[in-house]
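Numbering of ligands and ligand atoms starts at 1, following listing order. In this chain, numbering begins with 1 at the start of the sequence shown.
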Amino acid sequence: MTRLLALSGSLRARSSNGAVLRSALELFDGPTATADIGALPHFNPDLDGEDATPPAPVAALRSAVATADAVLLVSPEYAHGVPGVLKNALDWLVSSGECVDKPIAVITASPFPTGGDHANAQLRETLRMMTGNVIADACREIPAIGPKIDPGTERVTDEPTLADLRTAMAHLAAAATSTTA
Ligand SMILES: Cc1cc2nc3c(=O)[nH]c(=O)nc-3n(C[C@H](O)[C@H](O)[C@H](O)COP(=O)(O)O)c2cc1C
């Protein structure tokens with residue numbers, strides 16, 4: 001079974017991207033986990049050298065990514081960019097190399113009809129620079145997310161979106177299976 005680790009770019013308690021993340025994980029065929037990136041310190045290259053002992057939350061993140069067969073990033077867009085908390089997490093993973101060749105999907109959800117495309121493209125570019133294996137067929141931009149979520153369960157309830165998420169997660173699982181085979 002392929003193991004999926006998910007990171008959210010939103011720290012908001014009732015995050016719409018958090019709802020998308022939970023729904024995507026429930027559609028993934030295999031064990032899943034989430035990593036809390038909110039407690040990571042700000043990236044500092046002085047703490048990132050070969051002789052440095054990484055802060056505990058950084059070591060935990062690196063270990064979680066290393067043991068996952070695939071990674072899912074689900075994120076909002078802030079000011080046409082990637083939320084700082086998520087970029088910070090990725091910066092901690094650049095030189096340590098856990099993302100190298102790792103199958104990775106990027107999903108951005110926005111309340112707006114065309115929102116999220118900048119952050120989605122920026123995340124994919126950063127991951128390609130990190131030589132992650134960005135699975136294009138597993139990436140999605142979800143517009144107008146508000147009514148597609150049930151506020152009670154905090155899950156996606158819009159059927160076309162759920163079907164599309166199921167397809168995306170199947171592509172990610174297939175890529176992870178072929179990588180680990
Ligand atoms: C500081 C800030 C900047 C934002 N900039 C954008 C943006 O550039 N594009 C966009 O689609 N949404 C933008 N939004 C709206 C977010 O997409 C919206 O707040 C969304 O609900 C945040 O995701 P979440 O529900 O997962 O927390 C911005 C929100 C904030 C707070």
Side-chain angles (χ1 to χ4, degrees), residues 3-28 32-43 57-58 60-61 64-65 68 70-93 99 102-130 132 134-173:
R3 295 157 297 182
L4 176 63
L5 178 74
L7 278 57
S8 174
S10 174
L11 301 182
R12 207 163 64 84
R14 296 183 62 78
S15 161
S16 54
N17 283 273
V20 171
L21 183 153
R22 283 186 286 278
S23 293
L25 292 188
E26 288 165 3
L27 292 166
F28 187 82
T32 64
T34 55
D36 178 11
I37 59 173
L40 291 170
H42 291 157
F43 176 69
V58 174
L61 173 68
V65 175
V71 173
L72 170 65
L73 307 183
V74 186
S75 182
E77 173 177 290
Y78 288 159
H80 284 188
V82 176
V85 68
L86 184 54
K87 183 60 166 60
N88 184 56
L90 293 180
D91 288 345
W92 280 114
L93 298 170
C99 289
K102 188 81 66 181
I104 305 175
V106 174
I107 296 177
T108 48
S110 169
F112 305 126
T114 58
D117 52 331
H118 299 280
N120 197 296
Q122 290 166 25
L123 281 166
R124 289 162 69 167
E125 178 58 25
T126 295
L127 293 165
R128 274 190 288 269
M129 185 275 159
M130 294 166 67
V134 178
I135 308 302
D137 285 341
C139 294
R140 294 290 186 276
E141 294 167 13
I142 307 178
I145 187 66
K148 297 173 181 172
I149 291 171
D150 172 46
T153 60
E154 294 189 64
R155 298 291 193 280
V156 174
T157 47
D158 178 66
E159 283 299 335
T161 305
L162 276 176
D164 197 32
L165 279 176
R166 183 177 287 108
T167 302
M169 291 303 97
H171 281 296
L172 185 58

Rounded distance (nearest 0.5 Å) linking atom CE of M169 with atom OG1 of T167 = 10.0 Å
Can you pull the residues with any heavy atom under 4.0 Å from ligand 1?
-> S10, R12, S15, S16, N17, P76, E77, Y78, A79, H80, S110, P111, F112, G115, G116
Full working for side-chain contact (heavy atoms from CB on, under 4.5 Å) between L27 and R166 | CA-CA 6 Å; L27 292 166; R166 183 177 287 108; 3.4 Å; yes
Passing option when I142 is tested against N17, D164, L165 for side-chain contact (heavy atoms from CB on, under 4.5 Å) = L165
E154 side-chain N/O to S15 backbone N/O, donor-acceptor pair under 3.5 Å = no
E77 side chain vs G115 backbone, donor-acceptor pair below 3.5 Å = no
Distance-only donor-acceptor pairs under 3.5 Å for side chains of residues 83-90, two or more places apart:
from: K87; atom 1: NZ; to: D91; atom 2: OD1; distance (Å): 2.8
from: N88; atom 1: OD1; to: F43; atom 2: N; distance (Å): 2.7
from: N88; atom 1: ND2; to: P41; atom 2: O; distance (Å): 3.0

